[in-house]
Amino acid sequence: MNLTRAAIEKNRITIAFLLVVALMGIQSYFGMPQSEDPGFTIRTAMVITYFPGASPERVEQLVTDKLEKAIQEIPQVDVINSQSKNGVSIIIVDVQERYKVMRPIWDDLRRKVDRARGQLPDGIIGPNVNDEFGDVFGTVVNLTGDGYSDAELKDVADEVRDELLLIDEVAKVEIHGAQEERVFVEYNNARLAELGLSPGQLKNILESRNIINPGGQVRTRDEEIVLEPSGNFESVQDLKRTIISLPGREELIYLEDVANIYRGYVDPPENLMRASGDRGLALAMSMREGGNILVLGEEVKKSIDRLQRSYPHGIDFEFTQFQAGEVEKKVDGFVGNLIQAVAIVMLVMLLSLGVRTGLVVASLIPMAIVMAFIFMAFFDV
């Protein structure tokens, strides 16, 4: 069967088919994922365990070696590299290249690490498994608040984060520049010695008071009442009024009589964030896999504009990284160049082959392009 002859003789079917292909290609183009930095499969995870005060040899024997033996049971693992330093164990796990779906492997890694946790010594922090190396934060919004404290600004950032996570295209929102709050208990060694107390005793007294234990429950015929014992610290004032029994004396004093207690921030701060010279916070957003950065940018802008109107004067938002704008420029430039190239080729065809033949040949170029879009969508390109 001559396909060309059939297409010419049944031209109505041919035209209808080409129109369907054109519509499907255009629809596929507008539905394609768009991002400046598309995600890619990373087959590396890191297991970090802190063992404060331990030498590298003890970290190796008591932590690293035991975790490595558990991780080696995973059949997909290719290479394991480890470092044992003062107080910290770092294990880097690489998976074989032939595996594409990583989530089940990382879940298996976490189960193995959790199972080995019971063999590790007391006093460790972790182990923590980190497999999120491939996140790209293409949209960053700075948050500043003139006259607002760090704690108040952090509360606003938490509210904004919850709102941004409601956007379908957003996968993750991280807050950078937040200062960690602490309650400080500052004492004078001479004053403690005068009262017969040591810093260790003071620490034990506070730990024995600030506990949360289950109080059980009372069941009646109609209801169940949960009992919650009091005693844990709810405020700085509660901490100040902690009663201390002096050793060897029948005397009770308050903690505020021997120490200065106040709420503050970690000093020096681990990280600081400034926007236009002012202290602030940054909210970094990553896009879900297969998402459209242009849709993400549009939705984020709408949310930020709405939030800007809802907060009082002094709270300001500013985009410092807006990947959607850069992608839109590149896509528009690509489309413009493509249209110009197709137009030039079609014009040459019309001039060299005549109107009828030139139109037939020239139409093949855009049709080939839209058909390529269909295949790209089908194969998730």
Side-chain angles (χ1 to χ4, degrees), residues 28 31-51 59-85 88-122 124-139 161-162 164-176 283-293 295-296 299-300 323 327 374-381:
S28 299
M32 288 171 59
Q34 298 183 32
S35 178
E36 185 177 25
D37 301 305
F40 53 92
T41 303
I42 296 180
R43 298 174 178 83
T44 300
M46 183 181 296
V47 182
I48 302 178
T49 310
Y50 296 97
F51 193 5
V59 171
E60 174 70 26
Q61 295 173 359
L62 300 178
V63 178
T64 305
D65 186 57
K66 294 180 180 180
L67 289 176
E68 281 185 341
K69 290 179 179 178
I71 296 171
Q72 286 170 355
E73 298 176 1
I74 302 175
Q76 298 90 345
V77 169
D78 185 18
V79 178
I80 299 177
N81 294 311
S82 64
Q83 298 179 26
S84 297
K85 304 179 181 180
V88 62
S89 165
I90 303 174
I91 301 175
I92 299 175
V93 183
D94 293 326
V95 175
Q96 300 173 26
E97 290 288 335
R98 58 193 179 94
Y99 292 100
K100 306 298 182 183
V101 181
M102 306 307 301
R103 181 51 51 200
I105 301 176
W106 299 145
D107 291 341
D108 191 19
L109 173 63
R110 284 184 169 86
R111 285 193 294 269
K112 296 291 185 182
V113 170
D114 288 339
R115 191 177 305 164
R117 192 191 304 268
Q119 305 175 18
L120 303 181
D122 296 333
I124 66 167
I125 302 173
N128 300 314
V129 179
N130 182 12
D131 60 85
E132 298 179 341
F133 293 99
D135 294 331
V136 177
F137 296 92
T139 305
R161 177 182 180 274
D162 293 340
L164 294 175
L165 284 173
L166 297 176
I167 301 175
D168 293 336
E169 299 291 317
V170 174
K172 183 188 296 185
V173 180
E174 290 188 355
I175 300 175
H176 297 280
L283 293 102
M285 285 153 274
S286 65
M287 186 176 64
R288 65 172 178 84
E289 185 177 355
N292 190 320
I293 190 67
V295 177
L296 170 65
E299 293 297 325
V300 169
Q323 195 180 72
V327 173
I374 296 175
F375 283 103
M376 290 174 67
F378 181 78
F379 290 106
D380 292 329
V381 177

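Every heavy atom of this structure was used, including side-chain atoms; hydrogens, water molecules and symmetry mates were not.
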Next item on the list: Dump the intermediate steps for salt bridge (charged side-chain N to carboxylate O under 4.0 Å, His left out) on Asp114 and Arg117, then the final yes or no.
Entry: CA-CA 5 Å; Asp114 288 339; Arg117 192 191 304 268; 2.7 Å; yes
Check: Does the side chain of Ile90 reach to within under 4.5 Å of the side chain of Met46, using non-hydrogen atoms?
Finding: yes
Check: Between Phe51 and Leu62, what is the shortest heavy-atom contact and its length?
Finding: CE2-CD1, 3.9 Å
Item checked: CA sep, side-chain torsions, deciding dist, call: Lys172, Phe137, side chain to side chain contact (heavy atoms under 4.5 Å, CB included) -> CA-CA 9 Å; Lys172 183 188 296 185; Phe137 296 92; 4.0 Å; yes
Checklist line | Nearest atoms (heavy-atom pairs only) where Pro127 meets Ile124 | finding: CD-CD1, 4.4 Å
Item checked: Closest approach of Val95 to Trp106 (non-hydrogen atoms, all atoms of both residues) -> CG2-CH2, 3.5 Å
Checklist line | Residues Ile91, Ile80; criterion side chain to side chain contact (heavy atoms under 4.5 Å, CB included); working and verdict | finding: CA-CA 7 Å; Ile91 301 175; Ile80 299 177; 3.7 Å; yes
Next item on the list: Look at atom CG of Asp162 and say whether more than 12 heavy atoms of other residues, nucleotides or ligands are closer to it than 6.0 Å.
Entry: yes
Checklist line | Check: Ser82/Thr64 side-chain N/O donor and acceptor closer than 3.5 Å | finding: no
Margin query: Apply side chain to side chain contact (heavy atoms under 4.5 Å, CB included) to residues Val77 and Ile74 and explain how you reach the verdict.
Written below: CA-CA 6 Å; Val77 169; Ile74 302 175; 3.7 Å; yes
Item checked: Lys66 side chain to Gln119 backbone, donor-acceptor under 3.5 Å -> yes
Notebook entry, point to check: Where do Leu283 and Arg161 come nearest, in terms of heavy atoms and distance?
Noted result: CD2-N, 3.9 Å
Note to self: Within the 4.5 Å heavy-atom criterion, are Ile48 and Val88 side-chain neighbours or not?
What the structure shows: yes
Item checked: Pairwise distance CG(Leu109) to CD(Glu73) - rounded to 0.5 angstrom -> 11.5 Å
Next item on the list: Taking salt bridge (Lys or Arg N to Asp or Glu O under 4.0 Å) as the test, write out the residues that go with Glu169, two or more places apart.
Entry: Arg288
Checklist line | side chain to side chain donor-acceptor pair (under 3.5 Å) partners for Arg110, two or more places apart | finding: Asp131
Item checked: Under 3.5 Å donor-acceptor, Arg43 side chain and Tyr99 backbone -> yes
Check: Quick one: are Met285 and Val300 in side-chain contact, heavy atoms under 4.5 Å?
Finding: yes
Checklist line | Evaluation steps, side chain to side chain contact (heavy atoms under 4.5 Å, CB included), between Val170 and Thr139 | finding: CA-CA 10 Å; Val170 174; Thr139 305; over 6 Å; no
